[in-house]
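Have a look at the structure below before the remarks.
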Amino acid sequence: MSMARRSLHALLSLLLLFSSLLSLRPPEARSQSLAGPQAETRAPASGVANTREDRLKVFDQVWRSIYDNYYDKRYGGVDWRLQREIFRPQAEASRNSAELYRVLRQMISKLGDAHTRIYAPEDGFDRNRPSGTTVGVAVRRIEGKPVVTWVDPNSEAARQGIRAGFTVSRIDGMPVEKALERIRDEIIESSTQTALELQTYDKLFHGPRDTPVSVTFIDNEDQPRPVTLIRRFVEFQRRVTARKLPHKIGYIEITGFGPEIEKDFEAAMLDAQGTRGMILDLRNNGGGFVTTVAQIASYFLPEDTNLGEFITRQGRATSRHTQRSRINYREPLVVLVSARSASGSEIFAAAMQERMRAIVVGASPTTCGCLLGVSRTVRLLDGGKLNVSDTDYRSAMGRRIEGSGVKPDVLYETRITDLLLNRDRTLELGVDQLGRTIAFGERGADMEFKLNVPKIDSRSSIQISGASQSRR
């Protein structure tokens, strides 16, 4: 192996796959920030951009960093020089840091890339310690409505009776659709429509920590429930949660790929020995280290299986492969995915699908479609930070996941009634598919057969690491 190839391989071993759709997600997606000893490019100085000249220096630094390092020399068809002409006067006219970063986000959004992201100094972005503010409620569009999909049981929302399945009506007196429209006007574009929607909903309750936000929910009886919630600062960690399902079926949820979950996952796999099949839940997994993705895949695929390759701006490609593993799980496998499954999760799901090693069951028509590589974070002159996508990805069969996502083999989209009943129908469908495979092998999908499984209480679990809530 040449010295250049070895250097590239070392760089990719530290690759940041998906640095989150937000600096913080609610606990339903604790996996986003990929920790570890990745490079962080530092500016010569650090300070608040108080003057117009300071703000222009930050603008120029951001524009140049993307110009020099973006993985695609064509910038996805965007005239990047023209963007400088369009947005630099707006940056010059900005009166403060908040206005500057609004301009920068609008410029960056023209790339249509969920990975290339900028964080203002006050965001406190730290890839090693994903953190931010949350009101303890997650909201997604379901059946055309902004619906609560998860409530932190320890939050003010839970204490005031807010439940999954409720609809959001107003935020600080503003109709929710108007609030969403304002957020979309700033984000503008992303890797896919799915990614754009995720980013938009993730910012729905955004605001300074320890500040109140008034929210009106519509409950299951179509009655308004006005409450005041507090934006709390929290830190999140990638976690592994495991439990045993009926009929000797194992279940493991991973909320992110990172070095800290590797031992926990091995413990879960040791505990899963003797099961007749496995459900691997990646529905709330926003990505992680490619090295951890390869290690987890090694439990289910033969050694040296190709997991795809990363391609630099210069066209150099480095492939990733599974490794030797002392645990080789060869029983039937089902992988659960959703719109939140991004980057590393998409590598894993695509590999299992292409090798026909697992049935991919989805809670949405595709995964995020967010799969580029970010190998370092640029520290800006005012203390802000910038992630720039510097590598592209192709699966072992040449599929490009960025912009398209992984389509599940079997689909069940979450319904409002399921949330109100605390019923995880996607998991139930995964168990059904696994039962078919256990009973009839690859022909099981065509059989008139259904495994008789009692309703699965998604709240009960044996925790291998931390606590992972039900939040589909």
Donor-acceptor pair, [X] side chain versus [Y] backbone, under 3.5 Å?
| X | Y | result |
| --- | --- | --- |
| R55 | E92 | no |
| Q61 | L381 | yes |
| E402 | L371 | yes |
| S341 | T367 | no |
| T192 | C368 | yes |
| T116 | S389 | yes |
| E156 | V227 | no |
| T391 | F310 | no |
| E143 | I416 | yes |
| E354 | M397 | yes |

How far does [atom1] of [X] sit from [atom2] of [Y], to the nearest 0.5 angstrom?
| X | Y | atom1 | atom2 | answer |
| --- | --- | --- | --- | --- |
| D382 | K57 | CG | NZ | 12.0 Å |
| D424 | D281 | CG | CG | 7.5 Å |
| R320 | E309 | CZ | CD | 12.5 Å |

Does R182 CZ have over 12 foreign heavy atoms under 6.0 Å away?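 No, because the 6.0 Å sphere around CZ of R182 holds 12 heavy atoms or fewer from other groups.
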Would you check if [X] and [Y] make a side-chain contact, meaning some heavy-atom pair closer than 4.5 Å?
| X | Y | value |
| --- | --- | --- |
| W80 | L111 | yes |
| I187 | T200 | yes |
| Y101 | D123 | no |
| M107 | V62 | yes |
| S395 | E346 | no |
| I261 | I254 | yes |
| R117 | I108 | no |
| I218 | P224 | yes |

Output, in order, the C-alpha distance, side-chain angles, deciding distance and verdict of salt bridge (Lys or Arg N to Asp or Glu O under 4.0 Å) for D79 and R81. CA-CA 6 Å; D79 186 336; R81 290 179 181 270; over 6 Å; no
Under a 3.5 Å cutoff, is there a donor and acceptor pairing between the side chains of [X] and [Y]?
| X | Y | answer |
| --- | --- | --- |
| D113 | Y71 | no |
| R231 | T211 | yes |
| N306 | S319 | no |

What verdict does the side chain to side chain contact (heavy atoms under 4.5 Å, CB included) test give for D172 and V213, after you've listed the backbone C-alpha separation in whole Å, the side-chain angles of each residue and the deciding distance to 0.1 Å? CA-CA 6 Å; D172 282 335; V213 56; 3.7 Å; yes
Derivation and outcome, side chain to side chain contact (heavy atoms under 4.5 Å, CB included), residues F166 and N220: CA-CA 6 Å; F166 285 12; N220 55 314; 3.7 Å; yes
Where does the angle between the aromatic ring planes of Y67 and Y75 fall among parallel (under 30°), tilted (30 to 60°) and perpendicular (over 60°)?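 Parallel: the ring planes of Y67 and Y75 meet at under 30°.
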CA sep, side-chain torsions, deciding dist, call: R163, L420, side chain to side chain contact (heavy atoms under 4.5 Å, CB included): CA-CA 7 Å; R163 294 172 48 200; L420 290 170; 4.3 Å; yes
Within 45 degrees of the ring normal and closer than 6.0 Å to the centroid, is that where the cationic atom of R243 sits relative to Y251?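 Yes, R243 and Y251 form such a contact.
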Salt bridge (Lys or Arg N to Asp or Glu O under 4.0 Å) between E413 and R141: does it pass, once the steps are laid out? CA-CA 11 Å; E413 294 192 68; R141 184 172 294 279; over 6 Å; no
